Amino acid sequence: MTERNIAAEVLGGLHEIREHRAGRRTLRTAHVEARPLPTLTPEAIRDIRNHLDVSRAVFAHIIRVPVRTVERWEQGRSSPPQSIAALILMARKYPDTFERLAAL
């Protein structure tokens with residue numbers, strides 16, 4: 001592994017900023033289109049949990065939320081945040097998702 005020269009990297013960055021401000025350098029930009037997640041219905045959450053063959057308590061422990069929260073999701077009284085919804089959808093497609101998370 002090579003050792004980084006932080007001072008040279010900072011000076012290089014400052015040089016690039018100066019060139020950009022002077023109009024001699026254009027910075028790259030990337031346009032990323034956000035794709036909405038599929039809707040996660042209460043039935044889908046319950047089906048995924050049942051497919052994983054875990055109780056509400058175990059499911060809640062795995063995704064690190066209170067059991068009551070999973071209960072509310074499954075009863076349709078609230079919805080999971082998009083980050084948790086993405087995690088649940090990943091677990092549906094890749095059942096070893098939670099095992100991989102536990103290994104971190």
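All values reported here derive from a predicted model rather than from experimental measurement. Residue numbers start at 1 and run along the sequence shown.
Looking at Arg100, Arg92, Lys93 one by one, the single match for salt bridge (charged side-chain N to carboxylate O under 4.0 Å, His left out) with Asp96 turns out to be Arg100.
Side-chain polar atoms of His20 and Glu16 form no donor-acceptor pair below 3.5 angstrom.
Heavy-atom minimum distance, Pro42 versus Gly76: CG-CA, 3.5 Å. Across Arg46 and Glu74, no two heavy atoms sit closer than the pair NH2-O, 2.6 Å.
Atom-to-atom distance recorded for Leu89:CG and Leu40:CG is 5.0 Å, nearest 0.5 angstrom. In this structure, the separation between CZ on Arg56 and CG on Asn50 is 9.5 Å, given to the nearest 0.5 Å. Note that the CD1 atom of Ile48 and the CE atom of Met90 stand 12.0 Å from one another [nearest 0.5 Å].
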Could you pull out every donor-acceptor pair under 3.5 Å between side chains of residues 58-69 and any protein atom, sequence neighbours left out?
residue, atom, partner, partner atom, Å
Arg68, NH1, Glu71, OE1, 3.1
Thr69, OG1, Arg72, NH2, 3.4

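Connection of Leu101 to Ile84 is established within a shared hydrophobic cluster, with ILVMFWY side chains joined at heavy-atom distances below 4.5 Å, either directly or through further cluster members.
Side-chain contact between Ser78 and Trp73 is present, with at least one heavy-atom pair separated by less than 4.5 Å.
More than 12 heavy atoms of other residues, nucleotides or ligands sit less than 6.0 Å from atom CG of Asn5.
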